[in-house]
Each structure stands twice: as structure tokens, then as C-alpha cells.
S.K.: 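Below you'll find the structure I mean.
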Amino acid sequence: MKTLTELSIVLTIPAIIFGFWGINVDVPFEKSSYGVFAVLIISVILSLICWFWMRRKTYL
């Protein structure tokens, strides 16, 4: 159960980022040909930071 909690918390971050990025308004990296990859890299980095922080604080 602890593993599922960890996965759901860490995977919520990319879901929120891609949810906001998918709204039909002007968003950063919209005109760039590498925009999807930039947003993907940002979401992975933020997820890893969250995971390492939670491990360090012994929440998980």
C-alpha cells in the first residue's frame, strides 16, 4: 500500500502539469517544436524532486 501511495503522489505532478498545458489558451513552449519534450522534462524533474524530498523526510 505504501508503494501505491508513493506512485500516486509522484504521478500526480505530471498529470497536473499536462492538464494545465492542455488547456486551450496560450501556454509556454506552444510555438516551439520541442515544447512537448520541454514540458515532459520539467514534469519528470519535478516528480523526481518530490520523490527524493519525500524519501528524505521519511514520509514514504
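These numbers come from the heavy atoms of this one structure, side chains and all, not from hydrogens, waters or symmetry mates.
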S.K.: Tell me whether Ile13 is reachable from Ile41 by hopping between hydrophobic residues (I, L, V, M, F, W, Y) whose side-chain heavy atoms are closer than 4.5 Å.
M.R.: no
S.K.: Is it possible for you to say whether Ile42 and Ile49 belong to one hydrophobic cluster, with membership spreading through side-chain heavy-atom contacts below 4.5 Å?
M.R.: no
S.K.: Can you check side-chain contact (heavy atoms from CB on, under 4.5 Å) on Phe18 and Leu40, steps first, answer last?
M.R.: CA-CA 8 Å; Phe18 280 110; Leu40 181 65; 4.0 Å; yes
S.K.: Same cluster or not: Ile45 versus Val39, using hydrophobic residues (I, L, V, M, F, W, Y) connected whenever any side-chain heavy atoms lie under 4.5 Å apart?
M.R.: no
S.K.: Quick one: OG on Ser47 to CD1 on Ile17, what's the gap to the nearest 0.5 Å?
M.R.: 6.5 Å
S.K.: Quick check for you: to the nearest 0.5 Å, what is the distance between Leu7 atom CG and Thr12 atom OG1?
M.R.: 10.0 Å
S.K.: Following the transitive rule for hydrophobic clusters with a side-chain heavy-atom cut-off under 4.5 Å over Ile, Leu, Val, Met, Phe, Trp and Tyr, establish whether Ile9 and Trp53 coincide in one cluster.
M.R.: yes
S.K.: When clusters are formed by joining ILVMFWY residues with side-chain heavy atoms under 4.5 Å apart, either directly or through shared neighbours, do Phe52 and Val44 land in the same one?
M.R.: yes
